[in-house]
There are 2 protein chains.
Amino acid sequence: MATIKDVAERAGVSVMTVSRVINNSRYVSQETREKVERAMKELGYVPNALAHGLITKRTHVLGLIVSDITNPFFTTIARGVEDTAIKNGFNIILCNTDEDVEKEEKYIDLLLRKRVEGIILSPADCNKRDGIERIIMRNVPLVLIDRCIDGLNLDCVYSDSISGAYELTKYLVSLGHKRIGIIVGPRRISTARDRIEGYKKALQEAGIPIDEALIRWGEKYSREDGYKNTKELLATNSPPTAIFGGNRLITVGILKAIRELGLKIPDDISVVSFDEVEDMSVTNPFLTVVSQDSYKMGVIAVECLLKRIKEKDKSFNAPQNIVLQPELVIRESCRALKEVKGESLVEF
Amino acid sequence: MATIKDVAERAGVSVMTVSRVINNSRYVSQETREKVERAMKELGYVPNALAHGLITKRTHVLGLIVSDITNPFFTTIARGVEDTAIKNGFNIILCNTDEDVEKEEKYIDLLLRKRVEGIILSPADCNKRDGIERIIMRNVPLVLIDRCIDGLNLDCVYSDSISGAYELTKYLVSLGHKRIGIIVGPRRISTARDRIEGYKKALQEAGIPIDEALIRWGEKYSREDGYKNTKELLATNSPPTAIFGGNRLITVGILKAIRELGLKIPDDISVVSFDEVEDMSVTNPFLTVVSQDSYKMGVIAVECLLKRIKEKDKSFNAPQNIVLQPELVIRESCRALKEVKGESLVEF
DNA sequence: ATGAAAGCGCTAACAA
DNA sequence: TTGTTAGCGCTTTCAT
């Protein structure tokens with residue numbers, strides 16, 4: 001494998017001159033430059049980024065840590081991240097934690113060893129600060145995405161779960177629903193808590209008492225969470241008239257359960273979702289959702305990170321939360337109810 | 001930022017001893033090891049993988065180049081790749097080419113500079129060999145995934161598109177379909193060519209003449225390709241009675257077009273797809289498909305790559321094609337036709 | 001415009 | 001078991 005030294009010898013110049021050519025320095029005569037470039041081509045020379053990075057302390061690599069790239073929400077974030085990174089000359093190392101804090105810590109360690117210049121993290125547990133603090137201690141720029149960490153002032157890009165859930169719930173309430181089931185992710189994740197908060201807020205505003213039995217915390221924001229909890233919710237004596245899916249995976253589980261039970265949407269039960277469900281939104285757009293622009297989240301996160309990298313050790317701008325507003329998209333998955341005498345509900 | 005030297009000084013040992021502790025060498029007394037570990041912890045020391053890699057020539061990084069991580073087929077591959085990589089102590093750098101050969105070449109160059117230990121590539125153009133040859137010249141292990149390169153003997157993990165398309169077409173033929181439209185990706189991609197080949201084979205076997213007007217090559221294996229070509233196919237004088245989607249994105253485009261035209265599946269038109277369509281397969285499994293195990297493809301590709309990395313410069317096993325058989329899943333998106341006098345088709 | 005010397009943080013190879 | 005020396009491939013600094 002040819003090194004800079006080999007190129008220098010072949011071109012009959014010093015390694016320093018070759019280095020200047022590689023890095024497009026002025027101060028190289030056209031003639032010399034051509035000689036060097038010819039030598040590089042002839043030798044099939046590829047600069048060694050390790051050696052370069054060892055000296056310059058710049059690797060042009062960012063780390064992206066999410067729970068599961070297979071979740072289209074994170075896939076799209078990843079695409080936004082990668083596009084923006086490459087546009088700025090950075091590569092992305094991808095990490096899947098599966099909502100496991102230990103895996104997350106291992107990834108953080110690996111990324112730190114590899115001297116990534118910044119990390120975009122969607123934390124597996126919004127209460128745990130160990131991993132994050134190691135990043136900060138090492139002075140590696142960090143931007144949180146989708147989920148925030150309690151009591152830690154950090155750059156964070158996320159959508160407004162409280163308001164999104166509020167809107168969705170309020171919409172259901174406006175249709176006459178009073179018993180609304182909601183299935184979200186685990187308590188340790190900020191979006192789950194926020195979505196419950198928005199849900200409660202809408203009910204309280206409408207003077208509807210909150211029934212804790214209708215609130216379901218899942219284990220992993222997964223299809224299985226949606227499926228299992230829907231079955232349970234609908235097996236009770238007083239089942240909900242509507243179900244709120246806390247993310248797209250949960251919603252898919254909900255739809256599966258409802259299908260198996262032979263119920264029709266919206267005739268037998270109404271459904272809303274936090275987040276679009278892929279493909280379905282184009283092939284059969286019937287689901288009422290709150291939709292977030294996850295690609296944009298990825299773009300903004302990298303832009304924010306790049307800014308931090310540039311101003312590193314120079315300025316000290318306070319960290320900021322960048323909050324995107326999700327958009328309510330009303331389609332056909334909810335039915336209007338009318339209350340008739342007492343508690344029973346009847347169609348219009 | 002603490003270096004190995006700082007740790008050595010603090011622990012009162014030589015840097016070599018610290019190095020031995022980091023790399024879990026035996027030949028370090030328990031006592032010394034504890035001293036060193038304490039020093040590392042106190043200093044918040046994180047080993048520098050750049051310096052390490054510069055000497056050992058091992059970076060524990062693999063490159064994954066696909067057209068678009070946003071395509072669930074590649075997402076799942078990526079997950080299989082990442083899981084298997086991390087299990088073996090490797091990280092993944094993710095690259096999206098958007099089917100653009102120039103972008104692909106740029107990524108290859110970046111990966112080579114970063115001294116990745118191996119590359120998994122789904123080539124944007126199966127006829128272009130430049131990028132691939134640069135990888136091979138540099139002696140970096142390479143495994144192709146999903147798509148093969150013409151006339152180049154390389155490790156390649158893919159599913160049998162010919163047989164998958166053959167099965168799907170044969171199934172349609174068995175239902176009485178004779179005019180079957182097919183929409184695939186661009187000609188430069190091997191899977192598109194193979195799927196057409198399988199399609200033709202099934203028709204020929206059944207003695208059905210091939211109508212080139214029913215064969216549509218898309219530009220990017222995209223939803224738009226499916227949408228546009230379906231509209232065109234169905235606007236002709238003798239439209240097909242069935243449409244074959246060349247991948248899941250194309251199928252989604254097909255479904256969208258059919259929906260807009262107000263046609264019912266399978267009553268007005270039959271549809272089959274190469275590859276499952278996400279979520280739909282769980283919420284409403286009506287589509288007849290040939291399904292591939294893309295997660296497994298990712299796993300196998302890394303295993304193959306890792307083997308090559310291990311035996312690098314040692315043995316010279318011939319490259320191999322690892323071909324997975326896709327599985328025909330018959331559901332409810334196709335209707336049986338019966339031929340009545342001449343050319344007209346009538347329901348059973 | 002070009003080059004020489006020093007060294008980034010670490011390990012290989014040897015010595016003790 | 002531990003340490004010393006050399007050097008991985010490159011850039012920084014300073015000199016010419």
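The sequence lines fix the lettering, A, B, ..., with proteins before strands; numbering per chain opens at 1.
Between B:R113 atom CZ and D:dC10 atom P the separation is 10 Å, expressed in whole Å. Rounded to a whole Å, the CZ atom of A:R58 is 16 Å from the C1' atom of D:dT12. Here the P atom of nucleotide C:dC8 and the CG atom of B:L54 are 13 Å apart, to the nearest Å. The nearest whole Å value for the distance from the OH atom in A:Y45 to the C1' atom in D:dG9 is 7 Å. Rounded to an integer number of Å, the gap from CG of B:L50 to P of D:dC8 is 17 Å. In this structure, B:N24 atom CG and D:dT1 atom P are separated by 15 Å, rounded to whole Å. For B:K5 and C:dT11, the NZ to C1' distance is 16 Å, given to the nearest whole Å. Distance CD1 (B:I4) to C1' (C:dT11): 8 Å, rounded to an integer number of Å.
Residue order along DNA chain D, read from the 5' end via each residue's closest nucleotide, puts A:I55 first among A:R20 and A:I55. Between B:V28 and B:R115, the residue whose closest nucleotide on DNA chain D is further toward the 5' end is B:V28. The nearest heavy atom of DNA chain C to A:M16 and to A:Y27 marks one nucleotide each, and the one closer to the 5' end goes with A:Y27.
Between B:T17 and D:dT2 there is no side-chain polar atom (N or O) within less than 4.0 angstrom of OP1 or OP2. Applying the 4.0 Å criterion to OP1 and OP2 of C:dT11, one finds that B:H52 has a side-chain N or O inside that range. The shortest distance between the side-chain N/O atoms of A:T3 and the OP1/OP2 oxygens of D:dG9 is not below 4.0 Å. Here B:K57 reaches the OP1 or OP2 of D:dG9: one of its side-chain N or O atoms lies under 4.0 Å away. One finds no side-chain N or O of B:N48 lying less than 4.0 angstrom from the OP1 or OP2 phosphate oxygen of C:dC8. Between C:dT11 and B:S19, a contact under 4.0 Å exists linking OP1 or OP2 to a side-chain N or O. The phosphate of D:dT2 (OP1 or OP2) has a side-chain N or O of B:S29 nearer than 4.0 angstrom. For the pair B:T32 and D:dT2, the criterion of a side-chain N or O lying under 4.0 Å from OP1 or OP2 is met.
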For the pair A:R147 and A:E99, evaluate salt bridge (charged side-chain N to carboxylate O under 4.0 Å, His left out) and give the outcome as yes or no after the intermediate values. CA-CA 12 Å; A:R147 307 167 179 183; A:E99 311 287 11; 2.9 Å; yes

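Side-chain contact check for A:D68 and A:Y221: no donor-acceptor pair (N or O, by modelled atom type) lies under 3.5 Å.
At a threshold of 4.0 Å, the pair A:K87-A:D83 does not count as salt-bridged, since none of the basic side-chain nitrogens sits closer than that to a carboxylate oxygen.
A salt bridge (Lys or Arg N to Asp or Glu O under 4.0 Å) with A:D109 holds for exactly one of A:R138, A:R134, A:K103; it is A:R134.
Under the 3.5 Å distance criterion, the side-chain polar atoms of A:S19 are left unmatched by any main-chain donor or acceptor of A:V15.
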